[in-house]
Protein chains: 2
Amino acid sequence: MKPLTARQQEILDCIRRSVEKEGFPPTIAEIALAIGVSSPHGVREQLRALARKGAIELIPSASRGIRLLAKAEENPGLPLIGKVAAGRPLMTDAQVERHCRLGPELFEHKGDYLLRVQGMSMRDAGILDGDLLVIQREQEARSGQIVVARIDDEVTVKRLQLDGAIAYLEPANPEFSVIAVDLGRQQLCIEGIVVGVIRTRVD
Amino acid sequence: MKPLTARQQEILDCIRRSVEKEGFPPTIAEIALAIGVSSPHGVREQLRALARKGAIELIPSASRGIRLLAKAEENPGLPLIGKVAAGRPLMTDAQVERHCRLGPELFEHKGDYLLRVQGMSMRDAGILDGDLLVIQREQEARSGQIVVARIDDEVTVKRLQLDGAIAYLEPANPEFSVIAVDLGRQQLCIEGIVVGVIRTRVD
DNA sequence: TAGAGTACTGTTTATAAAAACAGTATCCGT
DNA sequence: ACGGATACTGTTTTTATAAACAGTACTCTA
């Protein structure tokens with residue numbers, strides 16, 4: 001769609017507000033009043049411009065005959081990060097595979113994004129390869145929580161155990177080894193806490 | 001809200017269709033035309049009755065001044081069955097704890113309802129106590145699939161292995177034992193197939 | 001520098017649509 | 001058997017609204 005001018009955007013917002021609040025689109029005169037224009041004709045031409053640009057459709061000879069075409073985008077849901085690229089912050093657009101709508105009422109804690117698990121290092125915690133983790137963004141975490149952590153540009157999901165100045169990132173699988181981080185020397189960056197798990201395929 | 005007469009329901013549906021399809025409510029004359037009534041006055045009185053009953057709101061002196069109050073109920077989501085009562089079919093209203101909206105695009109196979117897991121018998125399949133299973137309703141299942149099965153009014157989640165006339169329901173935890181069902185003698189009723197897992201709390 | 005598009009004011013005209021008026025008939029509960 | 005609600009037909013009046021007409025001014029772009 002062609003870009004809208006500020007005025008056109010203002011009018012479009014006005015129409016959207018009306019539809020949302022009143023249940024039907026405004027008349028041309030109502031738009032004129034709302035945006036502070038004294039003549040309906042100016043608004044009319046703007047509407048025609050909006051119609052040309054594909055934002056709305058005008059139904060001739062119908063009162064309030066304005067149809068919104070690009071309706072206000074609904075809640076896209078949580079971004080799903082499929083593969084973590086080394087050395088890049090999470091949640092950049094390039095890493096978002098898609099968005100998933102999840103009823104927030106479902107999870108005890110609110111999630112901010114989804115992260116696809118790679119590997120079986122958390123198997124015994126019921127987290128398998130390919131599972132989606134519901135992550136709540138947090139800079140800090142308590143001992144015992146399963147966290148998304150970054151050490152030297154490597155992102156990993158492990159159970160955190162804090163012991164003074166040493167942080168242990170424990171896998172939940174005896175085939176993997178514990179990572180110990182000396183907080184005095186190395187930086188441990190908590191990206192978030194795992195608040196839910198979703199397995200999208202079974203078998 | 002007071003119950004609507006058939007005619008009133010018809011008019012309400014007509015208004016809803018218009019809002020959905022056109023983007024704005026119909027005029028009284030349009031309703032009259034749509035439901036096959038030759039005079040606008042009859043429709044007007046019906047609208048007033050609908051307003052009295054709280055289904056719509058009429059905005060005086062405004063064209064298409066009809067506001068839908070009880071908007072078409074949105075997708076409530078999948079029913080969540082918390083506790084399976086012995087001897088009762090699943091999905092009776094009494095067993096539905098609540099409804100959860102889940103983006104259907106998330107799961108490989110479409111789910112019909114959610115079932116809360118009790119116990120650790122499927123632990124090694126990454127299904128823990130309290131997890132929600134996304135279940136697709138099916139009467140039949142293949143070997144290897146994790147199914148919701150009913151034997152003698154007991155509902156259980158296990159991995160199905162078919163071997164001729166014997167069906168094995170295998171737990172994924174060595175602490176539990178395999179259930180063998182002789183299909184010639186006993187009835188094995190498949191309630192559905194597990195197509196996803198959701199863990200709503202971690203730790 | 002000419003033309004297309006934006007961004008208006010202000011007025012008039014035609015029509016779309018709500019509202020009111022004057023009726024009729026049926027059904028339901030008390 | 002009576003009032004009240006439903007469920008209309010048919011016509012008239014008033015108002016709300018779209019649409020057209022006649023302008024002005026500014027900003028781009030080709």
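The sequence lines fix the lettering, A, B, ..., with proteins before strands; numbering per chain opens at 1.
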Task: Least distance between heavy atoms, B:Val195 atom then A:Val202 atom - done: C-CG2, 3.7 Å
TODO: Can you tell me the distance, in whole Å, between the CG atom of B:Leu47 and the P atom of C:dA20?
DONE: 14 Å
TODO: May I ask you to evaluate whether A:Arg64 reaches the phosphate of C:dA18, defined as a side-chain N or O under 4.0 Å from OP1 or OP2?
DONE: no
Task: Residue-phosphate contact under 4.0 Å: A:Ser39 side-chain N/O, C:dC8 OP1/OP2 - done: no
TODO: Examine D:dG10: is either OP1 or OP2 under 4.0 Å from a nitrogen or oxygen in the side chain of B:Ser38? Give yes or no.
DONE: yes
Open item on the list: Tell me whether A:Arg137 is salt-bridged to A:Glu191, with the criterion being a basic N under 4.0 Å from an acidic carboxylate O.
Closed with: no
TODO: Examine distances only and state if a side-chain atom of B:Arg67 and a backbone atom of A:Glu22 form a donor-acceptor pair shorter than 3.5 Å.
DONE: yes
Task: C:dT6 phosphate, OP1 or OP2, under 4.0 Å from A:Gln8 side-chain N/O - done: yes
Open item on the list: Mind checking if A:Ser61 touches a base, just sugar-phosphate, or nothing, with heavy atoms under 4.0 Å?
Closed with: sugar-phosphate
Open item on the list: Does C:dA19 have OP1 or OP2 under 4.0 Å away from a side-chain N or O of B:Arg44?
Closed with: yes
Task: Residue-phosphate contact under 4.0 Å: B:Lys53 side-chain N/O, D:dA5 OP1/OP2 - done: no
Open item on the list: Any side-chain N or O of B:Ser63 below 4.0 angstrom from OP1/OP2 of D:dT15?
Closed with: no
Open item on the list: Whether B:Arg201 and B:Asp203 form a salt bridge (side-chain N of Lys/Arg under 4.0 Å from carboxylate O of Asp/Glu) is what I want to check.
Closed with: no
- [ ] Measure distances between side-chain N and O atoms of A:Glu45 and base N and O atoms of C:dC8, and say whether any donor-acceptor pair falls under 3.5 Å.
- [x] yes
Open item on the list: Checking contacts here: which listed nucleotide (C:dA20, C:dA18, C:dT11) is nearest the side-chain heavy atoms of B:His41?
Closed with: C:dA20
Open item on the list: Is B:Arg52 close enough to D:dT6 that one of its side-chain N or O atoms is under 4.0 Å from OP1 or OP2 there?
Closed with: yes
Task: 5′-ward residue of the pair A:Thr27/A:Arg48 relative to DNA chain D - done: A:Thr27
Open item on the list: We want to know whether A:Gln8 and A:Lys53 form a side-chain donor-acceptor pair, criterion being a heavy-atom distance below 3.5 angstrom.
Closed with: yes
Open item on the list: Looking only at the side chain of B:Ala62 (C-beta and beyond, no hydrogens), which of the listed nucleotides C:dA17, D:dT17, C:dC8 gets closest?
Closed with: D:dT17
